[in-house]
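Read through the structure below, which is laid out as structure tokens, and then see the notes.
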Number of protein chains: 2
Amino acid sequence: MLSYTEENYLKAIYHLSGSGAKAVLTSEIAETMNTRAASVTDMIKKLSAKNMISYEKYYGVKITRQGKAEALMVVRKHRLWETFLVQKLHFSWDEVHDVAEQLEHIQSALLIEKLDEFLEFPTVDPHGHPIPDKTGKFVEVRQIPLSDCSGKKKITIRAVRNGSPSFLQYLSKNGVYIGAIITILEKIEFDGSLEIMIDGKKKVFISREASQNLLVTE
Amino acid sequence: MLSYTEENYLKAIYHLSGSGAKAVLTSEIAETMNTRAASVTDMIKKLSAKNMISYEKYYGVKITRQGKAEALMVVRKHRLWETFLVQKLHFSWDEVHDVAEQLEHIQSALLIEKLDEFLEFPTVDPHGHPIPDKTGKFVEVRQIPLSDCSGKKKITIRAVRNGSPSFLQYLSKNGVYIGAIITILEKIEFDGSLEIMIDGKKKVFISREASQNLLVTE
DNA sequence: ATAAAAGTTTAGGGTTATCTAAAAAATTAT
DNA sequence: ATAATTTTTTAGATAACCCTAAACTTTTAT
């Protein structure tokens, strides 16, 4: 059984490692967890002793199969709770993160299975991120940043890369949402911004930074 | 801001004091919190420093107005979550306590107001206990133990005094639920048990212990 | 009224998760 | 290749919460 803090570290390592693919540095973990490297080293030892990660001094850590399974359950809980907050309690998508950070640590397998059922087994959360099922599996759709697109084809907005409230509010204000179908009208040379048409109705300008943080399918 | 543990102590003190009416002994707190008296003394000092309780050495503690308000918010959250679990996620009433013990500590005023609205502002939880509103007020209906009743009048089951899973399962098995309308058919001299008629349809025997833990209105 | 019993507090530790400062190892630059 | 820099680890503390054992206060019993 992992503590609240251990779960948070493991989740951070999972995300930083690209879903468990590559090794992660102590400093990267310290950065995202807002702690010092020394604290990370301590926690690495604990997680290593619990076989959640493999650890060799002065090298990065790699998440184990067991650790990945645990991390996936935390991610599952986080995303199910975010879905609940938006769909049932009518939170806006920029308000859910901090609450879900707390809710993801509630310990009850029954709760999460019932919540999943109540939400009718959603496969993506309000930010477009996939929700692992109870076995940890999820559908991985190949998505690319909007900034890599060109031409006049129809593009579907699938997910946000960065979930910061200010970015999400910016998107809402401009009528951009998950599932929107857009076309690129023009790419401005000067600053890399894009003029796009949303649902064939609304023309807006999207900054280069924003287009790099929007994941889409063509 | 109170910690998870401080909230739990304060809630225990609130309940033990009869909603803040009387002083509570260190040993009573230790008993219900499953800790040692020495640990309670430590926590009493902390809560006293935060003006949640008033404390005089070797005497019991009394909850302050501020402490009562905090405790009521924890109670509110606990009962709203229990209501959610039963009404929306279809938990049975004997499964909700432990999960609600965790959920009650989630920090988000917005969450609890939205949850309240989603549940359509319930006034009692699945065990018949009143849910304080956002200002801490709740309707206090005068209830008496079923064991104190006699005669043939119609009696409404309003709440359980003891929420242990085994008692709740016993009630379910016998068709007893919050809101049921019953009449007493016979009181058995020998063991103090009652034969009751539920909703004019079902005759069952209820032990003396059970009748003492059922709160009713006549 | 005073001795015994019961209850409470203090003293001194242990664990978890954090920190700073110093030491050690790895990386980078000349 | 070696010196400088950066990163990581170790060492030693601190805060929250809990413990046991001993000291102290209150209550109960004779």
Side-chain angles (χ1 to χ4, degrees), chain A residues 1-17 22-63 67 70-71 74 98 101-102 104-107, chain B residues 1-17 22-63 67 70-71 74 98 101-102 104-107:
Chain A
M1 184 120 232
L2 300 179
S3 73
Y4 188 103
T5 311
E6 288 167 341
E7 284 190 346
N8 277 334
Y9 271 94
L10 202 56
K11 189 180 57 151
I13 293 167
Y14 172 78
H15 286 312
L16 287 169
S17 70
K22 54 180 194 287
V24 180
L25 302 176
T26 302
S27 53
E28 295 180 278
I29 301 170
E31 169 83 28
T32 54
M33 296 292 294
N34 273 301
T35 54
R36 300 308 179 131
S39 309
V40 174
T41 300
D42 284 350
M43 182 52 80
I44 281 174
K45 286 180 190 159
K46 285 185 63 185
L47 288 173
S48 188
K50 291 190 177 187
N51 287 310
M52 294 294 145
I53 57 179
S54 57
Y55 166 52
E56 246 189 296
K57 271 193 200 175
Y58 294 101
Y59 287 83
V61 298
K62 275 206 78 173
I63 198 159
E70 291 281 350
V74 179
D98 293 350
E101 283 289 300
Q102 299 178 61
E104 75 189 8
H105 300 291
I106 302 293
Q107 301 286 335
Chain B
M1 181 121 233
L2 300 180
S3 72
Y4 188 105
T5 310
E6 287 167 342
E7 283 191 348
N8 277 334
Y9 270 93
L10 201 57
K11 188 180 59 153
I13 292 166
Y14 172 78
H15 286 311
L16 286 168
S17 71
K22 54 180 194 287
V24 180
L25 302 176
T26 301
S27 53
E28 295 179 278
I29 300 170
E31 169 84 28
T32 53
M33 296 293 293
N34 273 300
T35 55
R36 301 306 180 135
S39 309
V40 174
T41 300
D42 284 351
M43 183 53 80
I44 281 173
K45 286 180 190 158
K46 285 185 62 184
L47 288 173
S48 189
K50 293 189 176 187
N51 287 311
M52 294 294 145
I53 56 179
S54 58
Y55 167 52
E56 247 189 295
K57 271 192 198 176
Y58 295 101
Y59 288 84
V61 298
K62 277 206 79 174
I63 199 160
E70 290 282 349
V74 179
D98 293 351
E101 283 290 300
Q102 297 179 63
E104 74 189 9
H105 300 291
I106 303 292
Q107 301 285 334

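Excluded from the calculations below are hydrogen atoms, water molecules and symmetry mates; all remaining heavy atoms, backbone and side chain alike, are included. Predicted, not measured: the structure shown is a model, and the values here were computed from it. Letters A, B, ... mirror the listed sequences (proteins, then strands); counts begin at 1.
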For the pair made of [atom1] in [X] and [atom2] in [N], what is the distance, rounded to whole Å?
X: A/Lys45; N: C/dT16; atom1: NZ; atom2: P; value: 14 Å
X: B/Asp42; N: D/dA15; atom1: CG; atom2: P; value: 15 Å
X: A/Met43; N: C/dT18; atom1: CE; atom2: P; value: 6 Å
X: A/Ile29; N: C/dT18; atom1: CD1; atom2: P; value: 13 Å
X: A/Glu6; N: C/dT15; atom1: CD; atom2: C1'; value: 12 Å
X: B/Glu31; N: C/dT8; atom1: CD; atom2: P; value: 12 Å
X: A/Lys50; N: C/dT16; atom1: NZ; atom2: C1'; value: 10 Å
X: A/Met1; N: C/dT16; atom1: CE; atom2: C1'; value: 16 Å

Over all strands shown, is [X] touching base, sugar-phosphate only, or nothing at heavy-atom distances under 4.0 angstrom?
X: A/Tyr9; result: sugar-phosphate
X: A/Ser27; result: sugar-phosphate
X: B/Ser39; result: base

So, OP1 or OP2 of [N]: does either fall under 4.0 Å of a side-chain N or O from [X]?
X: A/Ser3; N: C/dT16; answer: no
X: A/Tyr55; N: D/dT9; answer: yes
X: A/Lys57; N: C/dA26; answer: no
X: A/Arg36; N: C/dT20; answer: yes
X: A/Thr5; N: C/dT16; answer: no

How long is the gap from OG on A/Ser17 to CG on A/Leu25, to the nearest 0.5 Å?
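So the OG of A/Ser17 and the CG of A/Leu25 are separated by 11.5 Å.
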State the CG-CD1 distance between A/Leu10 and A/Ile29, to the nearest 0.5 angstrom.
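If I round to the nearest 0.5 Å, the distance is 10.0 Å.
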Tell me, yes or no, whether the heavy-atom count around [X] atom [atom1], taken from other residues, nucleotides or ligands under 6.0 Å, exceeds 12.
X: A/Glu101; atom1: CD; result: yes
X: A/Gln107; atom1: CD; result: yes
X: A/Tyr59; atom1: OH; result: no

Which nucleotide in D/dT9, C/dT9, D/dC18 has an atom nearest any side-chain atom of B/Thr35
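Closest nucleotide to the B/Thr35 side chain: D/dC18.
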For the side chain of B/Leu25, starting at C-beta, report the closest nucleotide among C/dA26, D/dC19, C/dT8.
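The nucleotide sitting nearest to the side chain is C/dT8.
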